[in-house]
Amino acid sequence: MARTNVRKTKSKPVSKASAQQYYDYNLLASVVLLTCFGLIMLYSTSAYDAQVNYNNDMYFFGKQAIISAVCLVGVVIASQVDYHFYAKFAGLLYVVSNFLLFITKFVGIEVNGAKRWLGTGSLRFQPAEIAKVAIILFIPVLIVKLGKNMKGIKAPAVICCLGGLTFLLAWRFTDNLSTGLIIMGITVALVFVAHPKTKPFIAAGGSFLVLAVVGIRMLVAQIGASDNFRLNRILVWMDPEKYSDNGGYQVIQGLYAIGSGGLFGKGLGNSAQKLYSLPEAQNDMIFAIICEELGVFGAALLTILFVFLLYRLMFIAQNAPDLLGSLIVTGIFVHIALQVILNIAVVINLIPTTGVTLPFVSYGGTSILFLMSEMALALSVSRQIKLKEEGLKV
């Protein structure tokens, strides 16, 4: 994604007679395909667990299908609204999302040992998902308002601090470090795209790597005497078989599933690992079941769908009519890319477990709702692109 293209503030004027309004049906189609693929794999992955625990093999599938269908209709409707209208509420959304993250520690619902949910009964949501959308809207609005001040150091530092505040709230008040890192990644990426200089980011990146290496060595030195679950995750990551009773079991079963799938898999619905060998397979580890049932071919097909989705987002970001639209779609691009990479990296044990879901595929109503809201924003930006009659390759 060329930074020079993203930094433009105004597209060249095109006469009404020679221009037509654009709508990225390719992006919409990729979202529909990913959602349908996800629903098929969700049913295949969760049917046994749902039948045993809820006496209904469509329990997870039915809930996800209804939410997905409603959200897809909502995407088409919401995308008709100019994204500048949504941008007016960016500051309010940022404040509200941070407040919700803050109160989660005190009034949140505990699920699997972590307070990350607000609500009551079955009506609950994760404030961290709202925070992602808030950052994707708020940071671009702030960058546009700062304008030429972005050339210096002060303005980017202030923006990073605001993103850092949301990161800290997500980490310390909802115990969700992975989401906090994604939020910080989106913030830094947007500042990088908007800033005219590259060298400061190279220097900062190098410093971060040095600190990361030193930090990891210090953590490894403390691992033996610490009960911190994040340090234990590093132990599991380094030797899952040795610590199979302390978190490594899920990692091992996921790798078994991937390895047994082969080139074309065992066939849809024929996974053995989903039969209680792989806990919560329909959530973070669904990619392992995809590999087991559909093999390398299925994993490659899913990867191609994600790459195509990211390509359409890149196209919209590069051709958006103003800086605000470009940055909003860039933030969405970074979010989807980071989440896909982190989820797959965890499943294949490339990094320690993080609890990041696979977009549009993993089970979760809150995740689908706010992912679809991001797609509505991207499609809203695409509607403002003007095409000349001689044509623009899309």
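We count residues from 1, following the sequence as given.
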4.5 Å side-chain heavy-atom contact, Met58 and Gln51: no

Under the side-chain contact (heavy atoms from CB on, under 4.5 Å) test, residues paired with Ile252 that sit two or more places apart: Pro240, Glu241, Ser244, Tyr256

hydrophobic_cluster_shared for Ile341 and Leu338, side chain cutoff 4.5 Å: no

Close side-chain approach of Met375 and Phe360, heavy atoms under 4.5 Å: yes

Side chain to side chain donor-acceptor pair (under 3.5 Å) involving Thr104 - partner list, sequence neighbours excluded: none

Student check: side-chain heavy atoms of Leu162 and Phe138 closer than 4.5 Å: yes

In one Ile/Leu/Val/Met/Phe/Trp/Tyr side-chain cluster, 4.5 Å: Ile66, Met372: no

Arg116 side chain vs Asp175 backbone, donor-acceptor pair below 3.5 Å: yes

Aromatic ring proximity, centroids under 6.0 angstrom, Tyr43 and Phe60: no

Partner residues of Lys115 under the salt bridge (Lys or Arg N to Asp or Glu O under 4.0 Å) criterion, sequence neighbours left out: none

N/O donor-acceptor pair under 3.5 Å between Thr179 side chain and Asn176 backbone: no

Distance (rounded to the nearest 0.5 Å) between Asp322 CG and His84 NE2: 4.0 Å

Asn283 backbone acceptor or donor facing Ser362 side chain under 3.5 Å: yes

Between OG1 on residue Thr35 and CG on residue Leu72, distance to nearest 0.5 Å: 5.0 Å

Residues which pass side chain to side chain donor-acceptor pair (under 3.5 Å) with Asn349, listed by chain and number, not counting sequence neighbours: none

Sidechain-backbone polar pair: Tyr54 side chain, Asp49 backbone, donor-acceptor under 3.5 Å: no

Residue pair Ser44 / Glu293, side-chain donor-acceptor N/O under 3.5 Å: yes

Polar side-chain atom of Ser367 near backbone of Gly364 as donor-acceptor pair, under 3.5 Å: no

Sub-4.5 Å side-chain heavy-atom contact between Ser277 and Tyr249: yes

Beyond-backbone contact of Leu165 with Asn98, side-chain heavy atoms, under 4.5 angstrom: yes

Ring geometry between Phe85 and Phe89 (parallel below 30°, tilted from 30 to 60°, perpendicular above 60°): perpendicular

Minimum heavy-atom distance between Ala281 and Ile289, given as atom pair plus value: CB-CG1, 4.0 Å

Leu350 with Phe306, same ILVMFWY side-chain cluster at under 4.5 Å: yes

Cluster link Val70 to Ile67, ILVMFWY, side chain under 4.5 Å: no

Value rounded to 0.5 Å, distance of CG in Leu190 from CD1 in Ile136: 8.0 Å

From CA spacing to verdict: side-chain contact (heavy atoms from CB on, under 4.5 Å), Val361, Leu42: CA-CA 7 Å; Val361 181; Leu42 176 63; over 6 Å; no

Closest contact, heavy atoms only, His195 versus Lys151: NE2-O, 3.5 Å

Residues forming a salt bridge (Lys or Arg N to Asp or Glu O under 4.0 Å) with Asp24, sequence neighbours excluded: Arg312

Over 12 foreign heavy atoms within 6.0 Å of CG, Leu263: yes

Verdict with reasoning, Val133 to Glu374, per side-chain contact (heavy atoms from CB on, under 4.5 Å): CA-CA 7 Å; Val133 180; Glu374 292 179 23; 3.9 Å; yes

Any Ile130 side-chain heavy atom under 4.5 Å of Leu93 side chain: yes

Shortest non-hydrogen separation from Ser380 to Tyr83 and the atoms involved: OG-N, 2.9 Å

Shortest non-hydrogen contact from Ser68 toward Leu39: OG-CD2, 4.2 Å

Glu129 side-chain N/O to Phe125 backbone N/O, donor-acceptor pair under 3.5 Å: no

CG-CD1 distance between Leu137 and Ile332, expressed to the nearest 0.5 angstrom: 8.0 Å

Nearest-0.5 Å distance that lies between atom CD in Gln126 and atom OG1 in Thr357: 8.0 Å

Separation between CG of Asn26 and CG of Leu309, rounded to the nearest 0.5 Å: 11.0 Å

Donor-acceptor under 3.5 Å (Ser97 side chain, Tyr94 main chain): yes

Worked check of side-chain contact (heavy atoms from CB on, under 4.5 Å) between Leu278 and Gln250: CA-CA 6 Å; Leu278 189 58; Gln250 188 180 39; 3.8 Å; yes

Asn343 (side chain) donor-acceptor with Val356 (main chain) under 3.5 angstrom: yes

Connected via hydrophobic side-chain network under 4.5 Å: Phe287 and Val296: no

For Pro156 against Val191, the heavy-atom pair lying closest together: CB-CG1, 3.7 Å

Side chain Tyr363, main chain Ser46, donor-acceptor under 3.5 Å: no

Step-by-step side-chain contact (heavy atoms from CB on, under 4.5 Å) determination, Ile290 to Phe37: CA-CA 10 Å; Ile290 293 171; Phe37 184 96; 3.9 Å; yes

Whichever hydrophobic residues join Ile109 through chains of side-chain contacts under 4.5 Å: Val111, Trp117

Thr45 and Gln282: side chain donor to acceptor below 3.5 Å: no

Close side-chain approach of Ser30 to Leu27, heavy-atom, < 4.5 Å: yes

Residue pair Ser260 / Lys266, side-chain heavy-atom distance below 4.5 Å: yes

Gln273 and Gln253 side chains, donor-acceptor separation under 3.5 Å: yes

Any donor-acceptor pair under 3.5 Å from Glu292 side chain to Gly265 backbone: no

For the student: nearest non-hydrogen atoms of Ala90 and Val141, plus distance: CB-CG2, 3.9 Å

Ring center gap for Tyr23 and Tyr25 short of 6.0 angstrom: yes

